[in-house]
Amino acid sequence: MSEDDSNMEEYPTEIHDYLEAFEKSLGSVDEMLKTMMSVSRSELLQKLDPLEQAKLDLVSVYTLNSMFWVYLATQGINPKEHPVKQELERIRTYMNKVKEITDKKKASKLDKGAASRFVKNALWEPKAENEQNSKTPAKGKKQQ
């Protein structure tokens, strides 16, 4: 019997695809961690602006806590009843705050001068008395 055959006997065949996907995901996480660990944290932080540093820190701590959540689940501990749940919620609130800051930076700025010119030109202004008697009525005036 090969090693794969003996492993197949240890768990139900219905979950084989799930386990393969899980193993593939673990490999991806391992590759990303190796990439991140190849550069020292201080070098990485020097290249980033403060907002990007905050994003990196939040993603790192969220990932670590998520992995701990999975660890608890594999140990038969309900992570929903563990303090890690509150920690993940706290991190999410900070992630939302950073997202708001990022969105505000991306929002277009209002040019007050241009806006006032648009409004001023769009509004109807009454004409002088001599223009009122012309054959073509002014825009927005009622004909008498």
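This is a predicted model, so every value here is computed, not measured.
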Listed by chain and number, what are the side chain to side chain donor-acceptor pair (under 3.5 Å) partners of [X], not counting sequence neighbours?
X	result
E43	S40
N121	none
R117	none
E87	R90

Is it the case that one hydrophobic cluster holds both [X] and [Y], taking links as side-chain heavy atoms less than 4.5 Å apart, direct or via other members?
X	Y	result
V61	V59	yes
Y62	M67	no
L88	F68	yes
L33	L64	no

Using the side chain to side chain contact (heavy atoms under 4.5 Å, CB included) rule, take L44 and Q53 through it: C-alpha gap first, then chi angles, then the decisive distance, then the call. CA-CA 9 Å; L44 184 60; Q53 290 176 8; over 6 Å; no
Would you mind listing every ring pair (Phe, Tyr, Trp, His ring centres under 6.0 Å) that reaches into residues 40-61, with sequence neighbours excluded? none
Distance-minimising heavy-atom pair for [X] and [Y]:
X	Y	answer
K80	K85	O-CD, 3.5 Å
S116	G113	OG-O, 2.8 Å
P79	V84	O-CG1, 4.0 Å

Quick one: side chains of residues 94-102, donor-acceptor pairs under 3.5 Å with protein atoms, not counting sequence neighbours, listed by atom name and distance.
| from | atom 1 | to | atom 2 | distance (Å) |
| --- | --- | --- | --- | --- |
| N96 | ND2 | R92 | O | 3.4 |
| K99 | NZ | D103 | OD2 | 3.2 |
| T102 | OG1 | V98 | O | 2.9 |

Provide the full list of salt bridge (Lys or Arg N to Asp or Glu O under 4.0 Å) pairs with a residue in residues 23-34, sequence neighbours left out, each pair given once. D30-K34
Sorted by first residue and then second, give each salt bridge (Lys or Arg N to Asp or Glu O under 4.0 Å) pair with at least one member in residues 45-55; sequence neighbours left out. E52-K55
Remaining members of [X]'s ILVMFWY cluster at a side-chain heavy-atom cut-off under 4.5 Å?
X	answer
M37	none
F22	L26
F118	none

Among residues two or more places apart or on two chains, list those pairs meeting side-chain hydrogen bond (donor to acceptor under 3.5 Å, both in side chains) that have a residue in residues 65-75. none
